[in-house]
Enquirer: 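Have a look at this one before I ask anything.
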Protein chains: 2
Amino acid sequence: MAGYGQFCPVAKAMELLDERWTLLVVRELLMGSTRFNELRRGVPRMSPALLSRRLRRLCDAGVIERRGPENRASYVVTDAGRELLPVVEALGRWGTRWIPELGDADLDPHLLLWDMHRGLNRTAMPHERTVLAFEFTDVARSSSRWWLVVNADDVDVCDADPGFEAIVTVTVGLRVLTRLWRGDIDWAAAQRAGLRVAGPAWARRGLPDWLQMSPFAVVPRPG
Amino acid sequence: MAGYGQFCPVAKAMELLDERWTLLVVRELLMGSTRFNELRRGVPRMSPALLSRRLRRLCDAGVIERRGPENRASYVVTDAGRELLPVVEALGRWGTRWIPELGDADLDPHLLLWDMHRGLNRTAMPHERTVLAFEFTDVARSSSRWWLVVNADDVDVCDADPGFEAIVTVTVGLRVLTRLWRGDIDWAAAQRAGLRVAGPAWARRGLPDWLQMSPFAVVPRPG
DNA sequence: CGGTATCCCCGTCGATACTG
DNA sequence: CAGTATCGACGGGGATACCG
């Protein structure tokens, strides 16, 4: 689409940033994703063709730089890209406060686990390999069971049993865990809403500390 | 277009705000415009049908409220709307720093005068009616001459001679005055680039104080 | 002044398949 | 792993005219 035909810096910024998906890709980049397929996991409903277009556009705009060989590309934010953090933060804070309601279509177990895997508080967790299991009570059988496999230096999100025994199993409705992650409700309210944790007492007690919530969870709500 | 299918508050915010023109309308509302045709002057390239759609959407989202009788409607921001100011500010700051180049299509004398009329430093100006004239050296005859008519309690933007004598006449290239307004250059650089002011000495000296620049003019530039 | 109504085009996006 | 290629539909939005 053509530009706005305005010299206003807000308009010039939006000529780039109002394109569908663009700011979500930027969000993923700012969260630390650098590889194409890593970015895709953060925006699973975006087609690879469109992601490719957006990445090129962001390169052209100087927001990111493409690095590495053709077959192992990575994308890193430039100074200009890093300075989009205040924009993303302002949007996230506003969305948190003023759009609290989620439709069923906004819920996605894979995306939720993907977000959670980034925020795990590794230092508070056991040092050996640790597996956390999640069972969603209200999701179709085929995608109701998930595992976070915490290895020495990475975390995997699995939708198939990894074979190692889970130290805890969280049984919960998808919406309840999503709202907990977003900070719409707290841990106690989640338990009242049916969240259950199975496993040894020390692990059940530790879990709330292991799972960091969304960065926007602490945003104060209106009223 | 459908939503993003994400529970992330950034995604939920962008479902509303990534629609073309929406954030520019919000900008106008935050700058104090409340009436339909007043808003239009801030987004002249937007069709009235589309502005109408956007206003309804912003009402539905709780960003603004529609008030007054059918034939004299006004739109005022709610708390949610007011809290979009940090979003607009962050975008404006980023655009100012990282998209400094303007295309010819981004220049618009009417829009420039419309922006300037809002920022006039009335207290520093003469109390009686004051007329400021602008003559753009590089704009087609039909829209090269403009006037700001400062009355007791309002300011008019005119593209036809208002009939009252101007206290000063500014002769300048459209791009130069636009860059001055944006803070890309300062007053001295604008004069070196050809800006000339005609009128009594006291008015010529006062002018830089009368004309407030864009709120983003003070944003520090990279490097 | 404050909008609606209508029309139609073209670009965007989604879907799917495929490649080095 | 990191993308391209192709295609079709849809709907957003620009233009224009019109109404209360």
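Below, chain A is the first sequence line, B the second, and so on; all start at residue 1.
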Enquirer: Please tabulate, one pair per line, each protein N/O and nucleotide N/O from nucleotides 4-8 of chain C that are separated by under 3.5 Å, including the distance.
Expert:
unit_1	atom_1	unit_2	atom_2	d
C/dT4	OP1	B/Arg56	NH2	2.4
C/dT4	OP2	B/Ser52	OG	2.4

Enquirer: More 5' along DNA chain C: B/Asn37 or A/Leu50, using each one's nearest nucleotide?
Expert: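 Its nearest nucleotide being more 5', the pick is B/Asn37.
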Enquirer: Enumerate the ring pair (Phe, Tyr, Trp, His ring centres under 6.0 Å) contacts for residues 19-63 of chain B, please, sequence neighbours excluded, ordered by first and then second residue.
Expert: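 Qualifying pairs, neighbours excluded: A/Tyr4-B/Trp21.
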Enquirer: Grab the CG-P distance between A/Leu51 and D/dA2 for me, whole Å please.
Expert: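 Whole-Å distance recorded here is 11 Å.
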Enquirer: Applying side-chain hydrogen bond (donor to acceptor under 3.5 Å, both in side chains), which residue pairs with at least one partner in residues 148-160 of chain A are found, sequence neighbours left out?
Expert: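 Sorted pair list: A/Asn151-A/Asp154.
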Enquirer: Atom OH of A/Tyr4 to atom P of D/dG14: distance rounded to whole Å?
Expert: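 The distance from OH of A/Tyr4 to P of D/dG14 comes to 9 Å, rounded to the nearest Å.
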Enquirer: Only counting residues at least two apart or in another chain, list the ones meeting ring pair (Phe, Tyr, Trp, His ring centres under 6.0 Å) with A/Trp147.
Expert: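 For A/Trp147 there are no ring pair (Phe, Tyr, Trp, His ring centres under 6.0 Å) partners, ignoring immediate neighbours.
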Enquirer: Quick one: is A/Arg35 getting a side-chain N or O under 4.0 Å of the D/dA2 phosphate, OP1 or OP2?
Expert: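 So the side chain of A/Arg35 is within the cut-off, an N or O lying under 4.0 Å from OP1 or OP2 of D/dA2.
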Enquirer: Starting at atom CG of B/Leu55, determine the distance to atom C1' of C/dC1, rounded to an integer number of angstrom.
Expert: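 For the pair B/Leu55 CG and C/dC1 C1', the rounded distance is 15 Å.
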Enquirer: How is B/Arg54 classified with respect to the nucleic acid when contacts are heavy atoms under 4.0 Å: base, sugar-phosphate, or nothing?
Expert: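 Answer is sugar-phosphate: B/Arg54 comes under 4.0 Å of backbone atoms only.
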Enquirer: Between B/Arg40 (CZ) and D/dA15 (P), how many Å, whole number?
Expert: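 In whole Å, D/dA15 P lies 12 Å from B/Arg40 CZ.
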Enquirer: For the pair made of CG in A/Asp18 and P in C/dG11, what is the distance, rounded to whole Å?
Expert: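 These atoms are roughly 17 Å apart.
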Enquirer: Which of these, B/Asp79, B/Leu84, B/Leu85, B/Thr78, sits in a side chain to side chain contact (heavy atoms under 4.5 Å, CB included) with B/Arg82?
Expert: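 With B/Arg82 as partner, B/Asp79, B/Leu84, B/Leu85, B/Thr78 yield a single side chain to side chain contact (heavy atoms under 4.5 Å, CB included), made by B/Asp79.
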Enquirer: Sequence neighbours left out, what passes side chain to side chain contact (heavy atoms under 4.5 Å, CB included) with B/Ala49? Give chain and number order.
Expert: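 Side chain to side chain contact (heavy atoms under 4.5 Å, CB included) list for B/Ala49, sorted by chain: B/Ser47.
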Enquirer: Do any pairs count as a side-chain hydrogen bond (donor to acceptor under 3.5 Å, both in side chains) and have a residue in residues 123-142 of chain A, sequence neighbours left out, and if so which ones?
Expert: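 As it turns out, the side-chain hydrogen bond (donor to acceptor under 3.5 Å, both in side chains) pairs with a partner in residues 123-142 of chain A, which skip direct neighbours, are A/Asn121-A/Thr123.
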Enquirer: For the side chain of B/Arg20 and the backbone of B/Asp18, is there at least one donor-acceptor N/O pair under 3.5 Å apart?
Expert: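 Judged by distance alone, no pair lies under 3.5 Å.
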Enquirer: What integer distance in Å separates B/Arg57:CZ from C/dG3:P?
Expert: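 Interatomic distance, CZ of B/Arg57 to P of C/dG3: 18 Å.
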Enquirer: Do the side-chain N or O atoms of A/Trp21 get closer than 4.0 angstrom to the phosphate oxygens (OP1, OP2) of C/dG14?
Expert: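 For C/dG14, OP1 or OP2 has a side-chain N or O of A/Trp21 closer than 4.0 Å.
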Enquirer: Rounded to whole Å, how long is the line connecting atom CD of B/Glu15 with atom C1' of C/dC13?
Expert: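 My rounded result for the distance is 16 Å.
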Enquirer: For B/Glu19 and D/dG13, what is the distance between atoms CD and P respectively, to the nearest whole Å?
Expert: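 Interatomic distance, CD of B/Glu19 to P of D/dG13: 7 Å.
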